[in-house]
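Note that the coordinates shown come from a computational prediction; the quantities given were computed from them, not determined experimentally. Proteins get letters first, then strands, A, B, ... in listed order; numbering begins at 1 in each. Computed over heavy atoms, backbone and side chain alike; hydrogens, waters and symmetry mates excluded.
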2 protein chains.
Amino acid sequence: MGTLADHIEAYIKRMLQNSENRSIELSRAQLADVFSCVPSQINYVLATRFTLERGYIVESRRGGGGYIRIAHVQVEDDLTHAVNLLKGIGSQLSEQRMESILAHLRDLGLLSPHQCRLIRGIVQQESSSISQGKDVLRASLVRALLFYIIESES
Amino acid sequence: MGTLADHIEAYIKRMLQNSENRSIELSRAQLADVFSCVPSQINYVLATRFTLERGYIVESRRGGGGYIRIAHVQVEDDLTHAVNLLKGIGSQLSEQRMESILAHLRDLGLLSPHQCRLIRGIVQQESSSISQGKDVLRASLVRALLFYIIESES
DNA sequence: ACAGTTAAGGTCAGTAATAGTCAAAGAAAG
DNA sequence: CTTTCTTTGACTATTACTGACCTTAACTGT
C-alpha cells in the first residue's frame, strides 16, 4: 500500500535515520533507478515531502559530480522549536499548512500517528460545521490542541 | 429492509470488526462498485454515520493512490457521560456554561485542576484574539479539547 | 585558455487516478 | 401533504507520475 512517492519518502527517511548527523547525500539518477522511475519523480518527492516547513533542507548541484543533499534540521531544543512553530501560525491556517505542521511534529517524535489522526478528525469535524472562516477556526483549534499536548506532556 | 446506506454502513462496520486494530483503509470507487452505486454515496454514508461524535475518525486522500481510512475509537463506559455532555454543547458556548461544564467534569474526577486551568487559559487566549463570534469559537475549542482529553485518556 | 563533450540535476506542463461538493430529484416517514 | 432522508450525477479539487526540454559543472584534447 502506498504510492511510489510514499515509498521513496520512507526510503529517504530511513537513510536519514541511519545517518550520522541527520543528513545524507545521494544521486538523483541512482535513486530513480532503485525505484525504476524517472528522475523527476525524485524532485516531486522532495518538493512535496521534504520542505523547510516540515523541517528539511535540501541542497543540490548539477553537472559532473552533482548530488542532492538532504538534512533534517534541528537547531534548538525540540520543544522550543515546536512552540515557535505554533507561534508562527497566524490568524488563519490552511489544511495544507496544517498537514505540514503535523508532519513536522511527527517527524520530531512529538506526535504519534494516532494523535495526528485525532487532531485531523477533530479539526475536520469542527470546521465542517461552519460555512465561513474555516481557516480562522482551524488556526485556533490546531494551536489550542497542540499547545495542550505539548504543555501536558512536558 | 434497510436502505442502501444502511447496508454500506453495516458492511463497513463488519470490516472494522474483522480488522486488526479497529481501522481499515478502502477505496471509495471500489466500495461504490461493490454496491453498484455512485461514489458520492459513500461520502453520504460517511458523513451521516461515521462521525467523530459516534466515535469514528475518517481520513482521506485524493489523487493517485488515494484512499479513505476509517478508525473506530471507543471511550470507556465511565466516559460516555462526558461524551454526552460534549454533544450537548451547541454551536455557541458562554463563559458561564463553560465553567459549569468544567466544574462538572472536575467533580467527576475526569479533569484535574491543572487541566482546567490549562483549558481556561487556552480558550481565553484564543478567544481574545477575535472580535466577533467568541461564543462560537469557545464552543469549538472546548469541544475539541475535552474530546481530545477524553479520547486520549481512555 | 578554449571548445566540445559528458554527466549530472531542474522545470514544467500534460495525463491519469483518485476523492469531494452540492444541488436537484426521488423515496420514505410523519 | 410536508418534511426529512436517500440517491444520483455533473462539476471540482487534489495528488501522482512521466517525458521532453533546459541548465549547470566537470572533464578532455588541442
5'-most contact on DNA chain C: B:Tyr67 or A:Gly65, nearest heavy atom basis?
-> A:Gly65
C:dT18 OP1/OP2 closer than 4.0 Å to side-chain N/O of B:Ser60 = no
Do the ring planes of B:Tyr56 and B:His72 sit parallel (below 30°), tilted (30 to 60°) or perpendicular (above 60°)?
-> parallel
Hey, could you give me the CD1/CD distance between A:Ile70 and A:Glu25, rounded to the nearest 0.5 Å?
-> 10.5 Å
A:Leu118 side, atom CG; B:Leu52 side, atom CG - distance, nearest 0.5 Å = 7.0 Å
5′-ward residue of the pair B:Cys37/A:Ser40 relative to DNA chain D | B:Cys37
Contacts of B:Gly63 and A:Arg62 projected onto DNA chain D by closest heavy atom; the upstream (5') one is B:Gly63
How would you give the extent of chain B contacts on DNA chain D, as first and last nucleotide 5' to 3' within a 4.0 Å heavy-atom cut-off?
-> D:dC5 to D:dA16
Using a heavy-atom cut-off of under 4.0 Å over every strand shown, decide if B:Ile68 touches base, sugar-phosphate, or nothing.
-> sugar-phosphate
Closest approach of A:Glu126 and A:Leu141, non-hydrogen atoms and distance?
-> CB-CD1, 3.6 Å
For residues B:Gln132 and B:Ile130, report the shortest heavy-atom separation together with the two atoms involved.
-> O-CD1, 3.1 Å
N-O pairing of B:Lys87 and B:Glu53 below 4.0 Å = no
